[in-house]
Amino acid sequence: MKKYIIWILMLPILAISSISCKKLVEIKETDFIGGDLALRTVKNNESLLIGAYAGFQTEMSIRLNGTFSDELKPGDFYASQSTHEWQFGVADIGIRDNYTAITSYYAVIDRVNRVLQALPNAVVEVPTDNALREKVRGEALFLRAFAHFELFRYYSKNYAPNELGMFYAEVPSLTPQARIPMGEYFTKILADLNTAKPLLANDLTDVFRANRLAATGLHARIALYMGNWNDAETYSTEFINAIPLATRAEFPGIWTDANRRESAFKLNRTTGSRIGSFFRGLFTKNTAGATVPPASISWVPSSKLWNAYDKVNDIRFSSYLIDEPILATVAGKPTKIVAKYAGTGYTTVNENVADIKVLRTGEMYLIRAEARAEKNAFTGANSAESDLNALRAARITGYVNVTLTSKENAITQILGERFKELAFEGHRFWDLKRRGLPVERLDEDSPSALGKTLPANNFRFVLPIPQSETNANPNIQQNEGYTN
C-alpha cells in the first residue's frame, strides 16, 4: 500500500497511512501556493500587506453613519426601512449585506496576522529588505489596531473598562473566541499602535500607506472615544502642527483628489471601487455629452444638514452638496444631492471615483477642541473657542469669531461643527452615540414616525452581532437588546 500526503490550502498536512508503507507519494494542489512559499520573502509579505489595505471597507461606516443618523434622507427609492427606522435585528438582511463589519475587518486582521507571523523568518533578497521588514511590521500593527477599533465602534457600547469589547485576534486562528473587556481590548489596541509608530515611515511621501503621522491621528481619535482628554489634545496637536488646514481655495481640491491637503492617510479608490456610487447622486454623461440622470437616487442630503450651512460663504456647502435642476426633468428625481465624492467629475469613467480621506486636519481641530472643552479650557487662547474659530475662519468667508460661554456651550457648538465638517465621512452616528445624544430628524427627513427619533443611549446605537456570526462562533456574546 502507498502513503499519500494531501495539501489543502494553508491547513496542516493530512496524511493517510497504511500498515505496510514502502514509499511516499506526494499529491499537491496545482493551483495553490502554500503559506511557506507565498510568504517566503519580505517582499512577499509586503504584497499580502497591500491586500490587507484593500480589505478595508470604510464605505460601510460612511453608509451606516449617513443612513442611521440625520445626515441623509431617502431619495426616490426607499428600500431600507428597517435600518433607516432602526427596526433591525440579528437576521436583518440590510445589516448583514451592507453594514456588517465583522467579516470585513476580521479578514483584514487575519491577513496582517499572517504577515506578522511570517515576517521574522522571511528571506532577505536585497540589503534594503531589512528596513522594509520593520516598515511592513509597523504597518501591519497599525492596521490591526485600526481594524479592532472600528469593530469596537460597531459592536460595543461607549468605552468603559469593564464592558464588552470584541475579541482581539493576534494570531491566525479558526478557533472560536469570546469577547474580552474593553479595558483589556484597548490596552491591546494601544500596544499595537505604540509599537507600530516608530517603525512607520516618518514622512508623507505615500499617504496610501500607514505612516507615523497617521498613527498619531488614529491615537488622537481613539483617545477621544476613551475620554482620555490629555492624550486627545496631545496627539491632535502633533498632527495639526505637521499638517495645517487647507485654504478656502485648496479645500475643494481635497474632494476631487486634485491635492492631498490635510490628509495623512487615505484609502485609494478606482473605477472598480468607487465610493460615490453609493449615493447614486451624480448624473452621468454619455459619450456624446448629453446628460443622463441616474435610474434612481436612493439617498440624498437631509434637509437638516442642507440647512445647517451658510450656503453663500461656507466652502464646505459647495464642496459637499449640489443642486442639479436637470434631475427634475425626470419624474420624481430629487435635485439636491451629495457631491462630496464626485471625484474628478461627471464622466463615464471617473464619475464618483474619489479616495477616502481617513485621517485629516479638520477632524484633528475638532478632536482638540472637544478635549480642551472637557478640560474646561473652553475660552481664551489655546481653547476650544480658538480651535473652533480657526477651523471656521478657514472654511467661511467673512467669518466673525464667536465667544464660548461654558463647557456645555462649547460641546454643543463642536458637535454642530462636526456635523458640517465631517459629513459623509463615517462619524455622525458614532458621535451621537458616544455623547449620549439622540438621533433627531426633521419631519421632512423621515418618511414615517418610526424613523424620526432614536432616543439617547438606545440599545440600537450598538449593532447586533449577525446571526450568521453567532451560529459560526457560539463563544461570541450577543449585544444587549438582541436575541438570536
Side-chain angles (χ1 to χ4, degrees), residues 58-75 84 153 221 224 245-246 248 251-257 261-263 266-267 269 275-282 297-324 334-343 352 354-367 369-370 388 391-392 394-396 412-435 437 439-442 444-446 454:
T58 306
E59 291 87 339
M60 291 190 302
S61 186
I62 292 173
R63 179 192 292 261
L64 180 146
N65 274 270
T67 57
F68 282 44
S69 73
D70 47 5
E71 285 184 335
L72 292 171
K73 66 180 179 179
H84 188 249
R153 294 210 289 181
R221 185 186 290 173
L224 179 76
L245 288 168
R248 288 187 82 259
F251 188 77
I254 294 174
W255 308 103
T256 62
D257 295 320
R261 299 289 290 141
E262 298 197 12
S263 293
K266 303 203 298 180
L267 293 173
R269 291 297 179 258
I275 169 59
S277 59
F278 155 60
F279 296 111
R280 299 185 61 81
L282 300 170
I297 302 175
S298 300
W299 298 100
V300 297
S302 68
S303 296
K304 183 177 182 178
L305 179 64
W306 188 276
N307 296 333
Y309 294 99
D310 177 338
K311 299 174 185 61
V312 175
N313 297 308
D314 194 333
I315 193 65
R316 294 172 297 194
F317 177 76
S318 58
S319 298
Y320 295 175
L321 308 172
I322 193 170
D323 192 347
E324 289 289 3
T335 66
K336 296 177 179 179
I337 57 177
V338 177
K340 189 167 187 173
Y341 296 100
N352 297 328
D355 299 329
I356 298 175
K357 291 74 186 172
V358 181
L359 293 159
R360 65 181 185 89
T361 312
E363 180 193 356
M364 295 300 130
Y365 265 86
L366 291 164
I367 288 175
E370 190 171 338
L388 199 59
L391 178 63
R392 287 173 173 171
R395 308 293 192 238
I396 304 170
T412 298
Q413 294 219 28
I414 290 162
L415 289 177
E417 207 61 32
R418 286 181 69 93
F419 185 42
K420 294 183 287 186
E421 175 73 18
L422 304 177
F424 316 123
E425 293 183 50
H427 297 288
R428 179 62 174 174
F429 192 64
W430 308 144
D431 281 347
L432 296 174
K433 170 187 172 183
R434 67 183 179 80
R435 295 300 318 188
L437 296 171
V439 178
E440 294 178 320
R441 297 180 180 136
L442 302 179
E444 59 198 279
D445 293 334
S446 177
L454 180 66

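Keep in mind that what you see is a predicted model, and the values were worked out from it rather than measured.
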Pair Asp310-Phe317, side-chain contact (heavy atoms from CB on, under 4.5 Å): steps then yes or no: CA-CA 7 Å; Asp310 177 338; Phe317 177 76; over 6 Å; no
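- In this structure, Glu440 and Asp70 have side chains that are not in contact, with every pair of non-hydrogen atoms separated by 4.5 Å or more.
- Side-chain atoms of Leu72 and Arg63, non-hydrogen and from C-beta on, never get closer than 4.5 Å to each other.
- The side-chain heavy atoms of Leu432 and Leu454, taken from C-beta on, include no pair separated by under 4.5 Å.
- Closest heavy-atom contact between Asp314 and Tyr309: OD2-CD2, 3.7 Å.
- Looking at Ser302 and Arg441, their side chains never come closer than 4.5 Å, going by heavy atoms from C-beta outward.
- Nearest approach of Arg248 to Asn313, heavy atoms of both residues: NH2-O, 3.1 Å.
- Remark: the backbone N or O of Asp445 is not paired with any side-chain donor or acceptor of Lys304 at under 3.5 angstrom.
- A 4.5 Å side-chain heavy-atom check between Trp299 and His84 finds at least one atom pair inside the cut-off.
- In this structure, the side chains of Glu71 and Phe424 come closer than 4.5 Å at one or more pairs of heavy atoms.
- Listed for the Lys311 side chain is a donor-acceptor partner under 3.5 Å among the backbone atoms of Trp306.
- Scanning both residues, Glu444 and Ser303, for their nearest heavy atoms gives OE1-OG, 2.8 Å.
- Contact detail for Pro74 and Val300: the closest heavy-atom pair is O-CG2, 3.9 Å.
- Side-chain contact between Glu363 and Glu421 is absent, with no heavy atoms from C-beta onward closer than 4.5 Å.
- Taking every heavy atom of both residues into account, Arg153 and Ser61 meet most closely at NH2-OG, 4.2 Å.
- Using bins of under 30°, 30° to 60° and over 60° for the plane-to-plane angle, the ring pair Phe68/Phe429 lands in the perpendicular bin.
- Distance alone, capped at 3.5 Å, is enough to place a donor-acceptor pair between the Asp257 side chain and the Asp355 backbone.
- Between Glu425 and Lys357 there is no salt bridge, since none of the side-chain N atoms of the basic residue sits less than 4.0 Å from a carboxylate O of the acidic one.
- No donor-acceptor distance shorter than 3.5 angstrom exists from the side chain of Arg418 to the backbone of Gln413, with no hydrogens or angles considered.
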Report the C-alpha distance between Arg261 and Thr361 in whole Å, list the side-chain angles of each, state the deciding distance to 0.1 Å, and finish with yes or no for side-chain contact (heavy atoms from CB on, under 4.5 Å). CA-CA 9 Å; Arg261 299 289 290 141; Thr361 312; over 6 Å; no
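- The side chain to side chain donor-acceptor pair (under 3.5 Å) with Asp431 is formed by just one residue from the set Arg434, His427, Arg428, Lys433; it is Arg434.
- By the 4.5 Å heavy-atom criterion applied to side chains, Ile322 and Thr335 are not counted as neighbours.
- Note on ring orientation: taking the six-membered ring where Trp is involved, the planes of Trp255 and Tyr320 are perpendicular (angle over 60°, cut-offs 30° and 60°).
- Across all their heavy atoms, Ile315 and Ser319 have their closest contact at O-OG, 2.8 Å.
- Ion pairing between a basic and an acidic side chain is recognised when a charged N comes within 4.0 Å of a carboxylate O; Lys420 and Glu417 show such pairing.
- Under a 4.0 Å N-O distance rule, the pair Arg395/Glu262 qualifies as a salt bridge.
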